[in-house]
Amino acid sequence: MRALFLALAITAFGASAQAQELTPERAAFRAIYEELVEIDSSPTTGSCTRAAEAMLAHLRGAGFSEADARVIVPEDRPDDGNLVAVLRGSSRRAMLLLAHIDVVDARREDWERDPFTLVEENGFFYGRGTADDKAMAAVFVDMFVRMRRQNYRPRRTIKLALTCGEETSNRVNGVDYLLRNHRDWMQAEFAINEGAGGVLGPDGRPQVFNVQAGEKIHQVMSLTVVNPGGHSSRPVPDNAIYRLSRGLDRLSAYSFPVELNPVTRAFFERMAPIVGGDTGAAMAVIARNPNDAEAAAVLARDPSYNAMMRTTCVATQLDAGHAPNALPQRATATLSCRVLQGHTPEEVQAELRRVLADEQIQVEIVRRRDGSRPPQLTRAIMGPVEQTVARMWPGTPIVPVMTVGATDGRFLNNAGIPTYGMSGMFSAPGESNAHGLNEKMRVRSLYEGRDFLDTIVRAYAAR
């Protein structure tokens with residue numbers, strides 16, 4: 001019983017200490033974060049424009065004029081607005097802070113809590129967008145407000161873009177739209193974006209600090225078989241569904257070759273001693289020799305490691321036949337291909353044709369995206385990161401990572417603006433459940449990420 005009372009006392013003290021740490025500045029930031037999370041910016045029921053205008057109000061209150069901050073709304077898309085702002089420096093050199101303010105849909109009946117009400121509970125913030133990506137968006141708005149009120153004068157110009165359309169393809173993508181139509185607001189030497197945070201170990205302590213440099217490019221392909229069809233009472237061997245199924249079987253047994261770039265090679269090198277065991281040993285081997293089939297087979301057991309090593313194409317949708325009593329005249333499969341940077345969709349298309357080995361299976365590029373190359377992790381970028389991580393999380397290794405998904409960084413990289421993902425917000429693997437039910441962000445991680453981003457932005461801005 002005494003131990004129980006002691007545990008309760010320690011818990012109460014921790015909660016009290018955490019509450020005391022909510023300084024006026026931190027409370028003001030929390031209010032911005034809360035307001036942004038509670039604005040529904042999902043594609044079905046929400047509005048990015050409303051979120052952008054709410055954040056613009058904070059900038060106006062800090063003294064940003066129309067010339068330095070505004071909401072830009074694509075024509076005929078009133079809910080797809082974007083916020084842009086600039087804190088002008090003494091030189092023309094610029095950096096860009098990017099975050100998206102749109103979120104995926106969230107149904108109240110599915111969630112334990114209202115997804116558009118910020119709830120702080122048991123050391124977490126719950127709500128749609130708490131992690132992806134309104135945490136960074138709120139940090140950047142708060143940063144701009146404080147910098148203007150402090151009369152902060154950077155050497156390097158700092159630009160801000162809070163954009164719509166990152167999560168879904170049925171909205172105008174803000175980054176693409178701004179680059180095409182308002183390039184001056186986006187032009188920069190480099191950009192900081194979402195894409196990487198920090199990983200907590202089983203003991204809850206920082207295990208790895210990630211910096212994202214590069215991402216796979218999502219290309220959508222289709223496989224189609226057409227056939228004369230006929231009455232189902234007279235089946236024939238040449239069936240469109242069977243032919244497509246046999247091709248998909250061949251594809252399921254195929255793996256694209258292993259290819260490492262400087263980022264993924266460094267990832268496996270640095271993660272090898274951290275992971276340890278057979279997997280860690282395989283990481284060390286693959287970093288030295290990407291052609292080692294045995295090491296590749298060990299790593300391929302983990303879907304994330306497998307996706308980092310190679311291009312992947314997976315069947316995600318099927319559509320076949322036109323009537324239950326008719327032989328199919330058409331059978332189509334949709335493939336989601338995540339292509340390593342440096343390869344074109346046409347190269348993947350040609351490889352699919354080779355693997356399918358059937359001229360009657362048509363391979364088409366449904367949605368083509370331009371490829372790009374991973375940005376270089378230069379000393380100018382990594383120096384401030386290393387110094388800040390050493391101060392905030394001593395002894396935590398910095399591991400570069402290539403995201404196997406996609407961010408809006410692909411547009412910036414293609415536009416010649418090297419883009420790096422870093423937030424300083426730590427979580428346990430799979431913990432935030434972004435896009436899923438009951439999305440959450442650790443309270444401590446949010447505030448630490450705010451401090452980290454403020455520190456490195458000021459370091460970059462001083463150069």
Side-chain angles (χ1 to χ4, degrees), residues 98-99 131-133 135-136 166 190-201 206-218 258-276 279-280 282-284 286-287 290 295-296 299-300 302-312 338-342 371-379 381-386 388-390 392-393 396-410 412-413 418-432 434-435 445 448-449 452-453 456:
L98 176 66
D132 185 15
D133 183 30
M136 287 188 72
E166 195 272 349
F190 65 93
I192 295 176
N193 185 29
E194 63 168 341
V199 179
L200 296 173
Q207 184 181 58
V208 171
F209 184 96
N210 289 131
V211 176
Q212 184 244 340
E215 56 192 67
K216 298 175 86 172
I217 307 299
H218 188 206
V258 173
E259 295 182 57
L260 301 185
N261 60 37
V263 172
T264 53
R265 188 184 301 275
F267 172 85
F268 286 121
E269 284 178 348
R270 298 182 189 182
M271 287 299 295
I274 297 171
V275 173
T279 302
M283 287 179 167
I286 208 74
L299 294 177
D302 184 298
S304 295
Y305 298 151
N306 181 63
M308 290 183 69
M309 294 189 300
R310 51 170 55 98
T311 289
T312 60
R338 304 284 176 163
V339 182
L340 290 173
Q341 289 174 299
S372 62
R373 295 200 174 275
Q376 295 184 348
L377 292 169
T378 63
R379 292 306 308 157
I381 293 296
M382 294 305 297
V385 174
E386 292 169 356
T388 306
V389 170
M392 294 186 65
W393 304 284
T396 302
I398 299 172
V399 178
V401 64
M402 176 194 72
T403 181
V404 298
T407 75
D408 279 340
R410 67 185 186 273
L412 295 176
N413 282 317
T419 303
Y420 305 92
M422 59 179 88
S423 70
M425 300 176 191
F426 282 77
S427 63
E431 175 180 81
S432 67
H435 293 202
S445 294
E448 287 184 345
F452 168 80
L453 288 168
I456 62 163

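The shown structure was predicted, so the numbers you read here are calculated from the model rather than taken from an experiment.
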Engineer: Is the backbone of K216 close enough, under 3.5 Å, to the side chain of R338 for a donor and an acceptor to pair up by distance?
Structural biologist: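 No; zero donor-acceptor contacts below 3.5 Å.
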Engineer: Mind checking salt bridge (Lys or Arg N to Asp or Glu O under 4.0 Å) for E259 and listing every partner two or more places apart, or none if nothing turns up?
Structural biologist: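 With neighbours one apart ignored, the set is empty.
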Engineer: Should V199 and V399 be marked as a side chain to side chain contact (heavy atoms under 4.5 Å, CB included) after you check the CA-CA gap, both sets of side-chain angles, and the distance that decides it?
Structural biologist: CA-CA 10 Å; V199 179; V399 178; over 6 Å; no
Engineer: State which residues pass side chain to side chain contact (heavy atoms under 4.5 Å, CB included) with A390; sequence neighbours excluded, sorted by chain then number.
Structural biologist: none
Engineer: Does E269 have any salt bridge (Lys or Arg N to Asp or Glu O under 4.0 Å) partners at least two apart in sequence or in another chain, and if so, which?
Structural biologist: none
Engineer: First locate atom OG1 of T279, then atom CD1 of I286, and finally report the distance between them rounded to the nearest 0.5 Å.
Structural biologist: 12.5 Å
Engineer: Output the distance between atom CZ (R265) and atom CE (M283), rounded to the nearest 0.5 Å.
Structural biologist: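 Going from the CZ atom of R265 to the CE atom of M283 covers 14.5 Å.
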Engineer: Is there a side-chain contact between V263 and V401 in this structure, where contact means two heavy atoms from C-beta onward sitting under 4.5 Å apart?
Structural biologist: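 Contact flag for V263/V401 side chains = no.
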Engineer: Please find the pair of heavy atoms, one from A300 and one from N306, that lie closest to each other, and give the distance.
Structural biologist: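 The pair with the smallest heavy-atom distance is CB-OD1, 3.5 Å.
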Engineer: Identify the heavy atoms of D132 and A434 that sit nearest to each other, and give their distance.
Structural biologist: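 The answer is CB-CB, 3.8 Å.
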Engineer: Apply side-chain hydrogen bond (donor to acceptor under 3.5 Å, both in side chains) to T264 and list each qualifying residue two or more places apart in sequence or on a separate chain.
Structural biologist: N261
Engineer: Which side chain to side chain donor-acceptor pair (under 3.5 Å) pairs, counting each pair once, include a residue from residues 397-410, with sequence neighbours left out?
Structural biologist: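 For residues 397-410, and leaving out neighbouring residues, the side chain to side chain donor-acceptor pair (under 3.5 Å) pairs sorted by first residue read N173-D408, N193-T407, E215-T407.
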Engineer: If you define the side chain from C-beta out and look only at heavy atoms, does anything of V404 sit under 4.5 Å from S304?
Structural biologist: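 Of all side-chain heavy-atom pairs linking S304 with V404, none is under 4.5 Å.
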Engineer: In terms of the angle between their ring planes, are F268 and Y305 parallel, tilted or perpendicular, with boundaries placed at 30° and 60°?
Structural biologist: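 If you compare the ring of F268 with that of Y305, the planes turn out perpendicular.
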Engineer: Could you go through the side chain to side chain contact (heavy atoms under 4.5 Å, CB included) check for F452 and M392 one step at a time?
Structural biologist: CA-CA 8 Å; F452 168 80; M392 294 186 65; 3.9 Å; yes
Engineer: Please set out all donor-acceptor pairs under 3.5 angstrom arising from side-chain atoms of residues 420-428, sequence neighbours excluded.
Structural biologist:
residue, atom, partner, partner atom, Å
Y420, OH, Q376, O, 2.5
S423, OG, A196, O, 3.2
S423, OG, M425, N, 3.1

Engineer: Test of understanding: with side chain to side chain contact (heavy atoms under 4.5 Å, CB included), list the residues that count as partners of A282, not counting sequence neighbours.
Structural biologist: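 Only A295, V298, L299 meet the side chain to side chain contact (heavy atoms under 4.5 Å, CB included) criterion with A282.
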Engineer: Evaluate the criterion side chain to side chain contact (heavy atoms under 4.5 Å, CB included) for residue pair Q207 and I274; output intermediate values, then yes/no.
Structural biologist: CA-CA 8 Å; Q207 184 181 58; I274 297 171; 3.9 Å; yes
Engineer: Given 3.5 Å as the limit, does a donor-acceptor pair link the side chain of T388 with the main chain of V385, or not?
Structural biologist: no
Engineer: Please round to the nearest 0.5 Å and tell me the distance separating atom CE of M308 and atom CE of M271.
Structural biologist: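 Answer rounded to 0.5 Å: 9.0 Å.
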Engineer: Not counting sequence neighbours, which residues clear side-chain hydrogen bond (donor to acceptor under 3.5 Å, both in side chains) with N210? List them please.
Structural biologist: none
Engineer: Tell me every residue that passes side chain to side chain contact (heavy atoms under 4.5 Å, CB included) with N413, counting only those two or more places apart in sequence or in another chain.
Structural biologist: S372, P375, T419
Engineer: Got a second to check how far M136's CE is from L453's CG, nearest 0.5 Å?
Structural biologist: 5.0 Å
Engineer: How close do G280 and V275 get, counting heavy atoms only, and between which atoms?
Structural biologist: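 Residues G280 and V275, closest heavy atoms: N-CG1, 4.0 Å.
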Engineer: Working to the nearest 0.5 Å, report the span between CG of L260 and CE of M309.
Structural biologist: 8.0 Å
Engineer: Which residues satisfy the side chain to side chain contact (heavy atoms under 4.5 Å, CB included) test with P384, sequence neighbours excluded?
Structural biologist: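 Listed in chain order: A459, Y460, R463.
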Engineer: State the CZ-OG1 distance between F209 and T396, to the nearest 0.5 angstrom.
Structural biologist: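 Atom-to-atom, F209:CZ and T396:OG1 are 9.5 Å apart.
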Engineer: Nearest heavy-atom pair of A213 and L377: which atoms, and what distance?
Structural biologist: CB-CD2, 3.8 Å
Engineer: Counting C-beta onward and ignoring hydrogens, is there a side-chain heavy-atom pair between P374 and Q341 closer than 4.5 Å?
Structural biologist: yes
Engineer: Using the side chain to side chain contact (heavy atoms under 4.5 Å, CB included) rule, take L412 and L98 through it: C-alpha gap first, then chi angles, then the decisive distance, then the call.
Structural biologist: CA-CA 10 Å; L412 295 176; L98 176 66; 3.6 Å; yes
